[in-house]
Amino acid sequence: MVRGSGQRPPRVTFLAKSEYFTGRGVKGLISKAFFRGVGQIPVDRTGGEASERALRTGLRVLAEGHLLGIYPEGTRTPDGRLYRGKTGVARLALESGAPVIPCAMIGTFELQPPGRLLPRLSIRPGVRFGKPLDFSRYAGLKSDRLVLRAVTDEIMYAVMNLSGQVYVDEDAQRAKKRAKPGSAASRDAAAQPDGAAEPDGAAEPDAVPSSTPGAP
């Protein structure tokens with residue numbers, strides 16, 4: 001992207017979980033105002049029809065020529081490793097024709113791991129961007145599950161190279177559930193080989209930066 005001097009950089013619109021916008025009281029109002037102010041769009045992550053609405057919202061943002069930020073893993077890493085991406089990012093890229101700019105967030109896990117109330121101020125986080133990824137060779141194959149998985153894995157591989165993280169071929173949310181003592185996923189761990197993942201959903205909106213599809 002080439003920009004003349006004095007031009008403001010384009011704002012990135014993010015898909016964010018709807019819980020950020022539904023809090024009550026003063027805290028809820030502040031949260032809602034903040035996330036709307038930084039360009040986030042609430043997304044219902046319950047799946048099914050809600051998933052399709054999330055994708056339609058993302059496609060509308062791209063059609064308007066804006067940049068769309070999306071987190072392919074769908075949730076924070078539970079242990080600092082990079083987990084399997086959801087295919088929502090691939091669907092957005094193939095349906096819109098937009099290139100994907102891989103982006104890795106550096107040091108955020110060390111800054112404030114899940115469960116830690118206050119950040120470690122000695123950690124300085126950062127962001128690394130990779131070269132845009134062009135998936136036009138898959139035009140017309142947006143409904144092919146194998147193609148969607150291949151595109152998603154290529155994006156995650158680019159993010160892995162940028163971040164230097166260890167890659168785990170498992171859904172991050174499943175890993176979190178499995179790690180909870182007494183959970184059903186934990187009890188089933190012996191029967192489920194490490195690295196296995198549940199089948200991808202039809203839409204997978206939680207793929208909501210690790211990667212940012214931008215308007216072509």
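Clustering ILVMFWY residues whenever any of their side-chain heavy atoms sit less than 4.5 angstrom apart, transitively, puts Phe109 in a cluster other than the one holding Leu111. Under the 4.5 Å side-chain heavy-atom criterion for Ile, Leu, Val, Met, Phe, Trp and Tyr, Ile106 and Tyr71 are members of distinct hydrophobic clusters. Side-chain heavy atoms closer than 4.5 Å link hydrophobic residues (I, L, V, M, F, W, Y) into clusters, and following such links, possibly through other members, connects Leu55 to Ile155. Note on Leu162 and Ile70: separate hydrophobic clusters, where clusters join Ile, Leu, Val, Met, Phe, Trp and Tyr whose side-chain heavy atoms are under 4.5 Å apart, directly or indirectly.
Taking the side chain as every heavy atom from C-beta outward, Glu154 and Phe135 approach each other to under 4.5 Å. Within the 4.5 Å cutoff, side-chain heavy atoms of Val147 are placed close to those of Leu94. Using a 4.5 Å heavy-atom cutoff, the side chains of His66 and Arg60 are not in contact. Put simply, the side chain of Thr77 does not reach to within 4.5 Å of the side chain of Leu82, judged on heavy atoms.
The shortest heavy-atom contact between Ile123 and Gly107 is CG2-O, 3.6 Å. Nearest approach of Pro78 to Lys176, heavy atoms of both residues: CB-CG, 3.8 Å. Between Gly69 and Val12, the shortest heavy-atom distance links the atoms N-CG1, 3.5 Å. Here the closest heavy-atom approach between residue Val61 and residue Leu67 is recorded as CG1-O, 4.1 Å. Closest of all the heavy-atom pairs between Met156 and Tyr83 is CE-O, 3.3 Å. The heavy-atom pair separating Pro102 from Leu133 by the smallest distance is CD-CG, 4.1 Å.
Between the CD atom of Gln165 and the CG atom of Asp79 there is a distance of 9.5 Å, given to the nearest 0.5 Å. For the atom pair Glu95 CD and Leu62 CG, the distance stands at 10.5 Å (nearest 0.5 Å). Put simply, CD on Gln112 and CZ on Arg76 are 6.5 Å apart, with the number rounded to the nearest 0.5 Å. Taking CG from Leu146 and OG1 from Thr87, the interatomic distance works out to 11.5 Å, rounded to the nearest 0.5 Å.
Of the listed residues (Lys86, Lys177, Arg84, Arg178), just one forms a salt bridge (Lys or Arg N to Asp or Glu O under 4.0 Å) with Asp171, and that residue is Lys86.
With respect to Arg116 and Glu110, no salt bridge is recorded, no charged nitrogen being found less than 4.0 Å from a carboxylate O.
For Arg137, the CZ atom is densely surrounded, since the number of other residues' heavy atoms within 6.0 Å is greater than 12. Residue Tyr157 places its OH atom among 12 or fewer non-hydrogen atoms of other residues, nucleotides or ligands, all under 6.0 Å distant.
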